[in-house]
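Below is one structure, written out as structure tokens, with a few remarks after it.
Here the structure is a predicted model, which means the values were calculated and not measured.
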Amino acid sequence: MLQVATIRENKIKIIEQLAVRNFTDAENIINQVIEKDTSRRTTQTQLDDALSESNKLSKEIGKLFQAGEVQKANLIKEKTSQLKELTKTLTEELSVFENEVTDLLYQIPNIPNELVPAGNSEEDNETIFEGGTIPKLHNGALPHWELAKKYDIIDFELGNKITGAGFPVYKGKGAKLQRALIAYFLDKNSDAGYQEVQVPHLINEASGIGTGQLPDKEGQMYHIGIDNLYLIPTAEVPVTNLYRNVLLKESDFPILHTAYTPCFRREAGSYGAHVRGLNRLHQFDKVEIVRIEHPDKSYNSLNGMVNHVKKIIVELGLPYRILRLCGGDLGFTSALTYDFEVFSTAQNRWLEISSISNFESFQANRLKLRFKNKDGKSELAHTLNGSSLALPRVLATLLENFQTKNGIKIPDVLVKYTGFDIID
RNA sequence: GGAGAAAUGGCAGAGUGGUCGAAUGCACUGGUCUUGAAAACCAGCGAGGGUCACACCUCCGGGGGUUCGAAUCCCUCUUUCUCCGCCA
């Protein structure tokens, strides 16, 4: 969430920038924030004064008791009782104002970076780079869900029995290929300086709030009621939350992590033909990269992350494009996002396999993730993350694009991980 | 799951109702000394709100309570440790 101080100081500019994401209610909400925060501060000052007075009197009472002047002490006690009533009222008022301000802040999305193009939907995303070549497939080339059946490497029906739709079972070379991809991605990330971490797959409420999944997107996560925990929708949540309530030194930057985790998403209301096969699942694997950065360096790092992911996709030999998300498609917490899409030849469509974002201080503010700057003041750090990569659609595209009449060829870089070079 | 103990500043560790935001040591930062380093000595050294800056307020695991006054007493939650049980 945004900081009230930032909102106060840049009100006009923020309203303008939020218009890029079609957030039309911005002016109204921002005015309310400022108004409520002013009340909050006034109340805070009144409360502080009352407490100050009360503290003074209490100390006096202490001294009087020690001096044995009980009567005088009792006289002052009456005064403090009145003050106590006052502080109680003010404390309640203060907490109401604080909650009102927080609730308002929760409704305001991150301020889009200047590079974010205006737009309403994914149609308006800006393609900034295309690479690789789309292969010519032989006659009778199949979509990946047919290939999965033909070579018996992914079973979509079997998962129905265990859990339900959207929980596929990977088998034999399918399972091995997926494991190979995970290992390959992790190695690439480690080589680029990202420290590997293994994190919990269940998160508590505070973690969900820290990275912005709660309270806004509660319905997207699986919730375990008995323990009030959520299954992670992405490794971003546990990994970024490693730094919740942390005060860093400037020399700690940059912080780079990579993690492999399964991801669980309810995907409520998104069934249909376009989500066949591996295109959209309730459980899928992903390798994530996360960075904690100095504010001056975060956009540089964002570009570095994009280049890093690009290299991996190029090595795999997939046709791809990089999109800069428009205001309408930009996530609530992000200031600038680049999506990678690969071309799934048999389906004749682009599939998103990575999304790389700079959240600036939006998450850091909720996380209370700060660092001591050169002036010795605490300042919010910047957080970034990206997929490198989401497995199912990479798998789908590999299967489709590298199919031949004799089987599915494994990209050279993966062979040392799979131990085989063809699925037949 | 049962029984007991504990949670204090970056770390260790005092503090059991009244000038305690908190002794002391280590670590860290600056300085003196030194050719340089170490050692020694001097000084500084938690966070948030608030202020032009002070003042002032809040925070001793989280929440609630008792009291004029709570790190200190009570309730509750969480976590950690020890013992027992169970177990990959």
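Across all strands shown, A14(B) has no partner, as no Watson-Crick or G-U wobble contact with both distances under 3.5 Å is found. Across all strands shown, G46(B) forms a Watson-Crick or G-U wobble pair with C59(B), both key distances being under 3.5 Å. Base-pair partner of G1(B): C84(B) (Watson-Crick or G-U wobble, both distances under 3.5 Å). Pair assignment for G21(B): none, as no Watson-Crick or G-U wobble contacts are both less than 3.5 Å. Across every strand in view, U72(B) sits unpaired, with no contact that passes the Watson-Crick or G-U test at under 3.5 angstrom. With a cut-off of 3.5 Å on both pairing distances, the Watson-Crick or G-U wobble partner of U79(B) is A6(B).
Along RNA chain B, read 5' to 3', the first and last nucleotides having any atom under 4.0 Å from a heavy atom of chain A are G18(B) to G69(B).
A side-chain hydrogen bond (donor to acceptor under 3.5 Å, both in side chains) with Tyr243(A) holds for exactly one of Lys368(A), Arg370(A), His257(A); it is His257(A).
Taking the C1' atoms as reference points, U66(B) lies 10 Å from C75(B), given to the whole Å. Nucleotides A23(B) and C11(B) place their P atoms 16 Å apart, quoted to the nearest Å. Here the separation of G50(B) from C59(B), taken at their C1' atoms, is 15 Å to the nearest Å.
Judged by distance alone, the side chains of Thr42(A) and Ser39(A) never bring a donor and an acceptor atom under 3.5 Å apart. Side chain to side chain, Tyr230(A) and Gln220(A) fail the donor-acceptor criterion of an N or O pair below 3.5 Å. Under 3.5 Å, the side chains of Asn204(A) and Ser207(A) contain a donor-acceptor pair of N or O atoms. Side chain to side chain, Asn358(A) and Ser298(A) meet the donor-acceptor criterion of an N or O pair below 3.5 Å.
When heavy atoms are screened at a 4.0 angstrom cut-off, Leu83(A) is found touching no nucleic acid atom at all. Residue contacts for Asn55(A): at a heavy-atom cut-off of 4.0 Å it reaches the sugar-phosphate backbone alone, with no base atom in range. Within 4.0 Å of Ser54(A), counting heavy atoms only, lies no atom of the nucleic acid at all.
Geometric assessment of Lys173(A) against the ring of Phe420(A) yields a positive cation-pi assignment under the 6.0 Å and 45° thresholds.
Using modelled atom types, no side-chain atom of Thr240(A) and backbone atom of Val237(A) make a donor-acceptor pair closer than 3.5 Å.
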